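Scroll down for the structure; my scribbles are underneath it.
Letters A, B, ... mirror the listed sequences (proteins, then strands); counts begin at 1. This is a predicted model, so every value here is computed, not measured.
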Amino acid sequence: MDVLLLSRLQFAVATMFHFLFVPLTLGLSILTAIYETKYVKTGDADYKRAAKFWGKLFLINFALGVVTGITLEFQFGTNWSSYSKYVGDIFGSLLAIEATLAFYMESTFVGLWLFTWDKVKPAVHATFIWIVAISSNLSALWILIANGWMQNPVGYVLRNGRAELDNFITVITNPFGLIEFIHTVSGAYILAGFFVLGVSAWHLLRKNETQFFTKSFKVAATFTLIFALVEVFNGHIHGSEVAKVQPAKLAAMESHWETRKNASMYLFALPDPANEKNAVELLPIPGMLSMLAFHTLDAEVKGLKDFPKQDRPPVELTFWSFRVMVGLGFLFALVGGLAWLKRNDPVSSPALLKLLLLMIPMPYIANEAGWIVAEVGRQPWLVYGMMRTSEGVSTLAVSQVAISLAAFVVFYTALGLVDFYLLAKYARKGPVH
Amino acid sequence: MLETIWFILWGVLWAVYFMLDGFDLGLGALMPALAKNETDRRIVYNSMGPFWDGNEVWLVTAGGATFAAFPTAYAIMFNGLYSALLLLLFALIIRGVCFEFRGKVDNPQWKAFWDVAMAVSSFLPTLLLGVAFANIFKGIPIDQSGIYHGTLFTLLNPYGLAGGVLFVLLFMVHGSLWLAVKSEGELQARAASMAKKLWPALLVVAVLFLLFTFVVTNLFNNYFKYPLMWMLPGVAVASLLLTRVFIQQAAWWKSWFASSATIVFVTLFGVGGLFPNILPSSINKAFSVTAFNSASSQLTLKIMLGVALVIVPIVIGYQTWVYIFLRDKVTEKDLSYEEAY
């Protein structure tokens with residue numbers, strides 16, 4: 001194992017662990033804010049209890065999201081110092097803007113919201129959680145503009161041996177980043193939606209606080225369905241954008257080897273990267289890949305073979321992660337639709353409730369799979385077409401990174417288990433009277 | 001010019017971070033000595049509860065500003081101080097979850113575990129930050145390509161350790177004073193007497209550190225060159241003395257402000273002496289990373305300055321408002337509040 005591989009693993013562990021907590025933060029803050037707003041508008045005490053109950057789960061989850069996020073910011077310097085030096089002019093400023101514009105607000109107002117239930121008027125208190133929700137999502141916007149720049153670098157010039165900012169507006173209006181933002185937050189809202197639906201289902205199956213959980217369920221069902229549908233459309237747009245700016249990633253996502261017009265999409269395929277082909281290709285939809293990628297049947301889709309070997313992403317991981325993400329995405333729209341149909345009386349459908357219980361982990365898998373497609377699919381580039389991952393790594397001793405990676409794994413596993421235990425404990429406990 | 005402005009901002013961001021997180025790190029480290037029972041401990045947690053997270057963002061911003069304004073310095077500093085930095089980050093992770101996890105299980109052993117974790121994970125960052133900054137003042141072994149020639153133990157030299165002890169004492173006095181502000185009765189008396197006991201030690205260490213600095217670093221060169229800059233250490237010493245005066249008067253808020261000023265001006269004294277270096281090289285002066293050879297492009301510095309000048313005052317505004325709004329003491333009655341830690 002060399003420093004490069006260990007650093008990549010460490011970044012993968014740190015990001016993927018971080019992203020177990022971020023989506024619930026992004027989505028549950030909004031749902032909590034909606035519940036509290038309904039309380040302010042209707043005076044219905046159930047909604048106040050809902051804001052407190054879901055807010056408590058939000059906070060248990062929030063803590064780990066924050067602390068694991070701080071590590072990420074610093075890892076660019078610790079493990080990817082050549083990258084930081086090369087692109088800091090642009091990438092560093094985006095991270096700094098995120099901290100100043102969003103992270104302060106989020107962190108300051110979350111404490112304020114927690115400690116002032118009996119100190120300010122309900123409407124004022126509700127604005128605090130809205131500020132938390134908006135600033136968390138604003139935080140995501142800047143992080144995804146930064147990631148979008150790594151995926152599709154724009155608005156820079158190569159000067160003084162590094163990438164320097166040329167046009168700030170071009171950087172922050174990078175379509176790739178903005179599409180990625182909508183894609184990521186919709187995925188997060190779906191996750192939070194199914195979390196609320198699943199926890200509510202658990203209580204409804206036990207006829208515990210039926211009235212309370214039906215109200216929570218109803219809001220979450222509409223919320224989930226809306227964003228599950230947004231995600232299907234946005235996923236398509238995101239795919240076309242990838243086809244345009246990252247053709248090698250698209251080819252890996254589809255395990256598409258030969259360049260051809262009118263390219264088919266296979267509903268089932270088994271990649272065989274060693275022989276540069278697919279071992280099995282079943283159920284073709286003629287022209288579908290060309291259609292989806294470029295909106296016309298006879299568009300040419302570049303195959304993996306037309307990229308030099310050293311410029312191809314790992315095919316299998318990208319291919320399978322993409323399938324998991326897309327498959328689950330359609331499932332979310334379907335189950336979201338079922339939940340929405342039953343939103344007024346979910347307790348009458350125990351089968352649906354049981355299904356919703358099983359759905360809780362699914363968006364977590366889809367979110368992580370999506371990031372694997374985005375990041376593994378970008379390989380071998382750290383900044384697409386500009387800087388290779390192998391060029392970005394720090395000068396470190398193998399032992400240093402091996403120890404820190406081991407520490408990350410042990411430490412994060414322990415924290416993850418405790419957090420999961422506490423989430424489950426308080427989710428089962430139900431709302432306070 | 002922009003480089004100089006950013007260097008000053010960079011120093012101010014670190015100073016504000018030390019001032020704000022300083023009290024909750026110091027108080028966390030002292031908790032076993034100050035809190036004698038569960039009620040005391042919960043008052044300590046809740047006195048920091050609404051603030052610690054917002055305080056820590058100043059660290060993220062200081063790091064982010066280093067990345068944005070001086071990317072080369074960011075890369076060399078964080079790569080070189082790898083092990084120290086990861087230790088710091090792990091400690092801050094534990095510390096963050098302590099607040100959230102501790103009260104969530106009603107079991108004395110569970111709570112005792114997180115109390116120990118809180119003390120250790122507050123002490124360690126304090127020490128490491130002091131060690132790191134003292135080493136930066138003195139210079140670290142980096143070559144012409146910015147490669148660090150040393151280990152974690154290279155940092156644990158006498159001057160580095162002196163910086164660590166100085167930070168520990170500064171933050172502990174600061175933390176005790178915060179608890180004196182936020183508590184009452186016996187707990188407040190213990191916090192006050194702790195501040196009183198630690199203050200002479202802080203004074204002695206601060207004087208020794210200054211002498212040590214004079215001997216092993218070049219920080220004073222700037223001060224002899226620009227005598228007006230003596231104001232920085234001057235205000236630091238005056239604030240340190242005032243802290244003691246206010247402690248004597250049992251004027252807790254005032255003493256906390258004086259101690260805040262001490263931390264800010266001690267930091268500014270160090271950073272002011274450092275200029276234009278961000279990371280002086282102890283191998284060869286010419287290898288030093290400065291505000292000028294590590295800076296971002298003029299365009300980035302300009303845009304970021306605009307962002308900082310608009311947003312940071314707003315941040316200071318709402319954070320100040322939160323401090324004022326939640327200025328009351330934490331009482332036993334507050335602990336019965338459903339959401340309290």
Can you tell me which portion of [X] sits under 4.5 Å from chain B's heavy atoms? Options are side chain, backbone, both or neither.
{"X": "A:V87", "value": "neither"}
{"X": "A:F408", "value": "both"}
{"X": "A:F109", "value": "side chain"}
{"X": "A:I60", "value": "both"}
{"X": "A:K119", "value": "both"}
{"X": "A:L95", "value": "side chain"}
{"X": "A:F74", "value": "both"}
{"X": "A:T116", "value": "both"}

Most heavy-atom pairs under 4.5 angstrom with chain A, which of [options]?
{"options": "B:T72, B:V60, B:L89", "result": "B:V60"}
{"options": "B:V322, B:T151, B:L87", "result": "B:V322"}
{"options": "B:F325, B:W58, B:Y148, B:Y341", "result": "B:W58"}
{"options": "B:I147, B:D53, B:T66", "result": "B:D53"}
{"options": "B:P71, B:A308, B:G146, B:S145", "result": "B:P71"}
{"options": "B:A68, B:A69, B:G80, B:G49", "result": "B:A68"}

Taking atom types as modelled, is there a side-chain donor on [X] or [Y] under 3.5 Å from an acceptor on the other?
{"X": "A:W80", "Y": "A:S7", "result": "no"}
{"X": "B:W114", "Y": "B:E100", "result": "no"}
{"X": "A:S404", "Y": "B:Y82", "result": "yes"}
{"X": "B:T300", "Y": "B:S297", "result": "yes"}

Atom group of [X] that falls short of 4.5 Å from chain A, counting heavy atoms:
{"X": "B:L86", "answer": "side chain"}
{"X": "B:A295", "answer": "backbone"}
{"X": "B:Y337", "answer": "side chain"}

Qualifying residues under side-chain hydrogen bond (donor to acceptor under 3.5 Å, both in side chains), relative to B:R95, sequence neighbours excluded: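 B:R95: side-chain hydrogen bond (donor to acceptor under 3.5 Å, both in side chains) contacts with B:D24, B:S122.
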
Test side-chain hydrogen bond (donor to acceptor under 3.5 Å, both in side chains) applied to B:Y323 - qualifying residues, sequence neighbours left out: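 Testing B:Y323 for side-chain hydrogen bond (donor to acceptor under 3.5 Å, both in side chains), a comparison that skips the adjacent residues, returns B:N55.
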
Highest number of heavy-atom pairs under 4.5 Å with chain B: which of [options]?
{"options": "A:F115, A:F411, A:F168, A:Y104", "value": "A:Y104"}
{"options": "A:T71, A:T68, A:L114, A:I97", "value": "A:L114"}
{"options": "A:G55, A:G69, A:G88, A:A63", "value": "A:G88"}
{"options": "A:L94, A:V110, A:D118, A:L64", "value": "A:D118"}
{"options": "A:S107, A:A99, A:A96", "value": "A:S107"}

Classify the ring geometry between A:Y83 and A:F76 as parallel (under 30°), tilted (30 to 60°) or perpendicular (over 60°).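 Taking A:F76 first and then A:Y83, their aromatic rings sit tilted (interplane angle of 30° to 60°).
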
Got a sec, which residues hit salt bridge (charged side-chain N to carboxylate O under 4.0 Å, His left out) with A:R162, two or more places apart in sequence or on another chain?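 Checked A:R162 against salt bridge (charged side-chain N to carboxylate O under 4.0 Å, His left out); matches are A:E164.
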
Would A:Y426 and A:L59 count as a side-chain contact (heavy atoms from CB on, under 4.5 Å) here? Give the steps. CA-CA 11 Å; A:Y426 279 89; A:L59 286 166; over 6 Å; no

Salt-bridge criterion met for A:K52 and B:E339 (N-O under 4.0 Å): yes

Short N-O contact, B:K111 and B:D106, less than 4.0 angstrom: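 Salt bridge flag = yes for B:D106 with B:K111.
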
Neighbour count >12 (heavy atoms, 6.0 Å) for atom CD, B:Q144: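 For B:Q144, atom CD is crowded (more than 12 foreign heavy atoms under 6.0 Å).
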
Taking everything shown except B:K302 itself, do over 12 heavy atoms lie less than 6.0 Å from its NZ?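 Incorrect, the count does not exceed 12.
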
Considering only heavy atoms, give the residues of residues 389-399 of chain A separated from chain B by less than 4.5 Å, sorted numerically, with 'none' for an empty result. A:S394, A:T395, A:L396

Is the centre of the B:W52 ring less than 6.0 Å from the centre of the B:F99 ring?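 Yes: the rings meet the under 6.0 Å criterion.
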
Run through A:F11, A:Y412, A:F420 and flag the one making a ring-ring contact (aromatic ring centres under 6.0 Å, His included) with A:F17.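 The option that passes is A:Y412.
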
